[in-house]
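Below: one structure, written as structure tokens.
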Amino acid sequence: MDLNQVTLPSLSLDKSIPFYLKLGLQLIVDASPRYARFQCPDGNSSLSLHLVDDLPTGAGVVIYFECKHLDQEYDRLTAEGVIFDTVPTDQTWLWREVALSDPDGNRIILYHAGDNRLNPPWRIN
């Protein structure tokens with residue numbers, strides 16, 4: 001089994017599409033204003049946006065994008081005006097990550113974990 005895509009709710013694809021393009025995703029389906037789909041620059045997964053009348057309430061979904069050069073990506077996006085909620089930080093779970101939100105408030109984590117992504121020292125074998 002392989003993850004194909006994650007679909008996020010959006011109140012405005014006009015605002016969300018440029019945000020995900022800025023993150024480096026490639027727009028592969030543009031059925032605006034109701035739907036858009038992006039291919040991730042690395043790997044085979046994709047992300048889609050679906051127009052909704054109301055956003056879900058509560059904690060919601062958190063999307064993690066792994067970046068090989070996290071600090072450089074943070075600097076690039078900051079220079080392009082992307083606002084982050086945190087700065088790149090080494091976490092106790094052996095990942096370096098930074099948090100931000102898309103225009104609809106969906107939580108995004110950019111991170112680098114290397115081999116610890118799937119093989120942390122506490123992995124169950």
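Small disclaimer: the values here were computed from a predicted structure and weren't measured.
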For [Y], is there any backbone N or O sitting under 3.5 Å from a side-chain donor or acceptor partner on [X]?
X: Lys22; Y: Glu80; answer: yes
X: Glu97; Y: Gln91; answer: no
X: Asp104; Y: Asn106; answer: no
X: Arg107; Y: Ala99; answer: no

[atom1]/[X] to [atom2]/[Y] distance, rounded to the nearest 0.5 angstrom?
X: Ile63; Y: Ser101; atom1: CD1; atom2: OG; result: 12.0 Å
X: Gln39; Y: Gln26; atom1: CD; atom2: CD; result: 5.5 Å
X: Ile17; Y: Ser10; atom1: CD1; atom2: OG; result: 8.0 Å
X: Ser45; Y: Asn4; atom1: OG; atom2: CG; result: 8.5 Å
X: Leu47; Y: Thr7; atom1: CG; atom2: OG1; result: 7.5 Å
X: Arg76; Y: His69; atom1: CZ; atom2: NE2; result: 13.0 Å

| task | Mark yes when over 12 heavy atoms from residues, nucleotides or ligands other than Asp90 sit less than 6.0 Å from its CG; otherwise mark no. | result | yes

| Leu118 atom CG: more than 12 heavy-atom contacts under 6.0 Å | yes

State, with a plain yes or no, whether a side-chain heavy atom of [X] is found less than 4.5 Å away from one of [Y].
X: Leu77; Y: Leu110; result: yes
X: Phe65; Y: Ile108; result: yes
X: Pro56; Y: Pro9; result: yes

| said: Under the ring-ring contact (aromatic ring centres under 6.0 Å, His included) definition, can you give me all pairs with a residue in residues 31-51, not counting sequence neighbours? | reply: Tyr20-Phe38

Could you pull out the closest heavy-atom pair between [X] and [Y], with the gap in Å?
X: Cys67; Y: Glu73; value: SG-CG, 4.2 Å
X: Glu66; Y: Gly114; value: OE2-N, 3.1 Å
X: Ser48; Y: Gln5; value: OG-NE2, 3.0 Å
X: Pro88; Y: Asp71; value: CB-OD1, 3.5 Å

| Co-membership, hydrophobic cluster, residues Leu23 and Val6, 4.5 Å side-chain | yes

| message | With a 4.5 Å cut-off on side-chain heavy-atom distances among I, L, V, M, F, W and Y, is there a chain of contacts connecting Leu21 to Leu100? | response | yes

| request: Given side-chain contact (heavy atoms from CB on, under 4.5 Å), test Phe19 with Leu49 step by step and report yes or no. | output: CA-CA 12 Å; Phe19 174 84; Leu49 302 171; over 6 Å; no

| request: Output the rest of the hydrophobic cluster of Trp95: all Ile, Leu, Val, Met, Phe, Trp and Tyr residues reachable through side-chain heavy-atom contacts under 4.5 Å, sorted by chain and number. | output: Val62, Tyr64, Trp93, Leu94, Ile109, Tyr111, Trp122

| said: Determine whether Asp14 and Ser12 satisfy the following criterion, side chain to side chain donor-acceptor pair (under 3.5 Å), listing intermediate values before the conclusion. | reply: CA-CA 5 Å; Asp14 288 341; Ser12 171; 4.9 Å; no

